[in-house]
Amino acid sequence: MIKKFDKKDEESGSGSNPFQHLEKSAVLQEARIFNETPINPRRCLHILTKIIYLLNQGEHFGTTEATEAFFAMTRLFQSNDQTLRRMCYLTIKEMANISEDVIIVTSSLTKDMTGKEDVYRGPAIRALCRITDTTMLQAIERYMKQAIVDKVPSVSSSALVSSLHMVKMSFDVVKRWVNEAQEAASSDNIMVQYHALGLLYHLRKNDRLAVTKMLNKFTKSGLKSPFAYCMMIRIASKLLEETEGGHDSPLFDFIESCLRNKHEMVVYEAASAIVHMPNCTARELAPAVSVLQLFCSSPKAALRYAAVRTLNKVAMKHPSAVTACNLDLENLITDSNRSIATLAITTLLKTGSESSVDRLMKQISSFVSEISDEFKVVVVQAISALCQKYPRKHSVMMNFLSNMLRDDGGFEYKRAIVDCIISIIEENPESKETGLAHLCEFIEDCEHTVLATKILHLLGKEGPRTPTPSKYIRFIFNRVVLESEAVRAAAVSALAKFGAQNDDLLPSVLVLMKRCMMDSDDEVRDRATFYMNVLQQKQKALNAAYIFNGLSVSVPGLEKSLHQYTLEPSEKPFDMKTVPLATAPITEQKTEIAPVATSKLPEKLAPSRQDIYQEQLAAIPEFKGLGPLFKSSEPVQLTEAETEYVVRCIKHTFANHMIFQFDCTNTLNDQLLQRVLVQMEPSEAYEVLNYVPAPSLPYSQPSSCYSLVRLPEDDPTAVSCTFSCTMKYLVRDCDPNTGEPDDDGYDDEYVLEDLEVTVADHIQKVLKPNFGAAWDEIGDDNEKEETFALATVRTLDEAVNNIISFLGMQPCERSDKVPENKNSHVLFLAGVFRGGHDVLVRARLALADGVTMQVTVRSTDENVVDVILASVG
Amino acid sequence: MRWKPPLWLLYSSAADAERYGGFEPTWRLEGCSCRHAPCESEGFRSATVMTAQSCPRQHCATTMDSAALEPSLYTVKAVFILDNDGNRLLSKYYDPELYPSMKEQKNFELNVFNKTHKADNEIAFLEGMTIVYKSSIDLFFYVVGSAQENELMLMAVLNCLFESVSQMLRKNVEKRTLLDNMDGVFLVVDEIIDGGVILESDPQQVIEKVNYRCLSEQAYGFVLFDYITGNMEGQGERRQLL
């Protein structure tokens, strides 16, 4: 058989694949010779190889045929050919999932695993554990225990690794083998040590004390295996992270001592562990960085790669710590492995001085086409970080980015570039025009709808405010002609913004709009018709409300309200004010220097936190008829962290009411609390209407109770109030172990910290993308202005942050960022007051001895203006 | 007529609204961009869109950001040997989450092959995975680990695999000899890695454990050796073979 095979292949030239044209059915046919007596080991071996080869190629075996072949194979256990037997084990493992009744080989495997032939024992254990389930595991437990402590290393290793695989399946059984594993850990064989350590850790990882003890023991006894050392370093750094222990702990000393290990693997693991530790000081980093520096000149590519990748990591947080390696990194720029070169350059970009930027950029552009997308993204991130560091270099960067944008690349890569350009434009007004021009060019030939719409939106936002808005119109209108529906619709919206803001362009925009009204897609037509009609009115207020500043309600909320409305149609038209507002994001600007932000923006579509609360509260019958939830505050802690009962409060604001949600946790395991409620004594004219107690509060299971409060109607200016809170409950002592409570209990109370309601609880953040338009839209009917002196504040930054957090409003136009070296600043804030009144605040700040602040407030309601001014003062 | 939702209902108000605070035409990411089968099938039609976070591959690919690694013995994600056309000769995947289907596995292998076969660079980073590799004549050996894995550990596995195969094939590390001794190669891989755990890293030990007799041109000597040592089993077969 084999002979024929060989001949044919030799004729067709060597190097061809003897397994190439294997037919599954033919091979299974051949497998019949397994049943012949005497067994011909050579031929059977060859057929088994073919079967495994086929499985490996992804050939599908039906259950029946697999089972048939498997049963035939079991006969081969009669032969004593070593390789054949080993191949049988392999077949068992490969077929464990496709064949039925694989457990019939259990007794054969058990025999081999306890037999005299050491060569068989290890592999037999691994095969046996592969087909064993929880019930059968009990039967072989005795053998496994013996095997773990066997003096033959391969047997012991196999048993330990197989036990590790079975931890997932039957933790309780494997846990009984801890003592054996412990004994194996003191074996002389390095692999046995490693496997024993791994198994012990997996069995104990939920018990931090046991892990610490184990680690102490092994660090003292000194294992020999480098793998085991790597494992111990990982365990140690995990422990350090969990305990947030200082870096003077023995664990840190252990990791540091590993930097002097003789194995490179261990040294690198230790260095990388130190680098990845949160809040490491430069001094602690220094030894790790210096070993990485040595690795940079290693002849092994993998080591250089590992070193420079880790240094790149260090450079993100501590650029100065890496400066010492600059020379070594320079040498790596020309490394033949482009991954290493890219990482070296991006590291240098982070650590180098401004003068070296041009040179490095030139270097990198010489081979950017050769590297994979993953690394291109790294390069873009480095550039993005660089632009924030050296804003003056934006022209070089912009050029480079636009070249990259023209190259081929996947979506992630393009998105990283577009995000980077957008962030440069936002940071740097001077770069706006070039940036927009590059982006315009990009959308001319962009296959990614997401990016095209994003850029069109940006053009609509920024384009009209540039000196020559007309030049963008062509790019935008080209999209209307050439692209898919989504892009066309986005282009129409962008066009409308030009028409709304630039009067001289309005006639031409209207002409273009008219053309869009004949679009084949109804969304595009709808938009065009809508904008057309709005624009023709030529009213600033309409433009501001419908073109610049869009909707500010939460989308899931709107969807739900509309659905509700269609279920119960009424005479009244649908009221937009009943829809909960969108919670403005907490951080509007991008995170500072972390370049990962570009690709890490979460595309969460889960309902916002507020939508979840809305749902929870609506489920409680006492709270029916309060209207939509207006705002939910961040949780406020009403107890110290380590007390018997932990209580935090979330304030939910409605149009005329507030609900206080108290999340209580009982940390005493010998108590069961029942009928828990928080009694509130208001300082002002607030009226507590209703308490909803938590029926029961067992140990460590959080539960919520609620209080409903009516806001004073006659005095709309009373926005702030202090409540003194007392938690009241029925205590029933219980057995700490079983949780079984006593029959009778007693009433008790617990005094909590006071709870404050401030003006910020009445205002929801709303972002107005075009503050100027919104300011004009509201008009000066209710405008009031006052000047304050903030004596305690020393810097403009501090003042801005104080105002924002005090009023709880959304900063617009990036005005929350104070430019450096300025003595004055204007802060724009937008929000909606409880009841649906828009409110805008313009605060002019000037820095002299303290900070002087002139506050101008506009709102659709006069009371609101008074409230805000009163509360600021 | 089927009601078609207006476009703005489909816009994600999340990521981009966060940026622009508006209600603006930014399309929801159409599935995950990593071309991972479940990500692709979950188009933007479905209510639960596969996002970068819910994708099992977790897209460390684009960030290369490594959170601390959970201490574990499961070091190796996959091992494969390809020929000089990128065809799979042997491959084992140890993480069932990663490339669950054969199609994805082969795509991955081809992608890796295309990016690595030209330059002998020893290490690469692709699809969020660290890959170390080595080539010999018309064979390519690959060992794959997660982005956070210690590169040198993966190198140790690769070296052990290569050295063991090389010793077993008496330094004839080429496709033909390898295929003639495929059973031995299967056994070698089985001795080095078990379910993703490094079982042995010393090639000498591996060779001893596998105890495999190579089938190659020098087989005459083998027959003689077998004859002298009195190992008659399988000899008839061997004679037939010659």
Side-chain angles (χ1 to χ4, degrees), chain A residues 2-3 14-15 17-18 41-42 45 49 52 56 58 82-83 86-87 90 119 126 154 161 165 191 198 201 230-231 234-235 238 264-265 268-269 276 301-302 305-306 337 339 372 374 377-378 411-412 449-450 453-454 457 486 489-490 493 523 550-551 555 585 596 599 601 603-605 767 769, chain B residues 6-7 12-16 18 20-27 29 33 49 51-53 61-65 68-69 71 73 90-91 102 115 121-126 132 138 150-153 155 175-176 179 182-183 186-187 190 194-195 197-200 209 211-212 233-234 237 240-241:
Chain A
I2 301 175
K3 196 177 170 190
S14 73
N17 185 345
R42 274 285 141 195
L45 185 56
T49 313
I52 296 182
N56 210 275
Q82 264 194 23
T83 316
R86 298 285 315 273
M87 287 303 276
L90 270 192
V119 206
R126 301 203 299 270
S154 70
V161 173
H165 295 323
M191 290 319 278
Y201 174 72
C230 290
M231 182 76 183
R234 283 181 204 180
I235 299 173
K238 185 163 193 277
E264 279 169 346
M265 186 193 292
Y268 168 63
E269 184 74 42
H276 284 103
Y305 172 88
N337 187 328
S339 314
S372 65
E374 281 85 355
V377 173
V378 173
F411 171 72
E412 287 293 335
T449 313
V450 189
T453 48
K454 189 170 190 165
H457 174 59
S493 301
E523 168 73 20
L551 285 173
V555 185
V596 280
S599 47
L601 280 180
E603 282 104 27
K604 52 168 186 268
L605 276 145
L767 188 103
Chain B
L7 286 181
S12 96
S13 62
D16 297 292
E18 252 174 50
Y20 300 117
F23 208 63
E24 254 313 302
T26 27
W27 284 83
L29 196 62
S33 62
V49 167
T51 64
Q53 267 65 42
T62 51
T63 60
M64 286 187 73
D65 194 21
L69 200 55
L73 294 192
L90 176 154
S91 80
M102 194 55 66
K115 295 270 163 57
N121 277 337
E122 193 170 306
I123 187 159
F125 186 84
L126 286 166
V132 292
D138 49 2
N150 187 328
E151 289 86 349
L152 303 183
M153 270 170 125
M155 254 344 251
K175 183 176 166 188
R176 186 53 206 261
L179 284 167
M182 206 58 200
D183 38 359
F186 281 129
L187 293 177
D190 182 58
D194 184 72
V197 179
I198 306 174
L199 203 56
E200 183 56 73
K209 284 184 197 168
N211 191 18
Y212 179 83
E233 199 189 319
E237 184 62 30
Q240 195 185 43
L241 199 139

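In the text below, chain A, chain B and the rest are named by the order of the sequence lines, each starting its count at 1. Side chains included, hydrogens not; waters and symmetry mates left out as well; all remaining heavy atoms used.
A pairwise comparison of heavy atoms in A:Q82 and B:N211 identifies OE1-ND2, 2.8 Å as the closest pair. When all heavy atoms are compared, the tightest approach of B:N121 to A:N337 is O-ND2, 3.0 Å. Closest of all the heavy-atom pairs between B:E122 and A:A302 is OE2-N, 3.1 Å. Closest approach of B:K209 to A:S154, counting heavy atoms only: CE-CB, 3.5 Å.
For A:M191, the part lying near chain B is the side chain, with the backbone staying farther off; criterion is any non-hydrogen pair under 4.5 Å. Only the side chain of B:M155 comes within contact range of chain A, with at least one heavy atom under 4.5 Å from a heavy atom of that chain. Only the side chain of A:R126 comes within contact range of chain B, with heavy atoms under 4.5 Å apart.
In this structure, the side chains of B:D194 and A:H165 come closer than 4.5 Å at one or more pairs of heavy atoms.
To the nearest 0.5 Å, atom CG of residue B:D190 and atom CG of residue A:L90 are 4.5 Å apart. Once rounded to the nearest 0.5 Å, the distance linking CE of B:M182 with CG of A:L45 reads 13.0 Å. Within the model, atoms CZ of A:R86 and CG of B:D183 stand 11.0 Å from one another, a figure rounded to the nearest 0.5 Å. Separation of atoms CE (A:M265) and CD (B:E151) is listed at 11.5 Å; rounding is to 0.5 Å. Here the CG atom belonging to B:L73 is positioned 9.5 Å from the CZ atom belonging to A:R234, to the nearest 0.5 angstrom. Atoms OG1 and CG, from A:T49 and B:L179 in turn, are 11.0 Å apart once rounded to the nearest 0.5 Å.
In terms of non-hydrogen atom pairs under 4.5 Å with chain A, the most contact-rich of B:E200, B:K115, B:M153 is B:M153. Counting heavy-atom pairs closer than 4.5 Å to chain A, the top-ranked of the candidates B:I123, B:V132, B:V197, B:L90 is B:I123.
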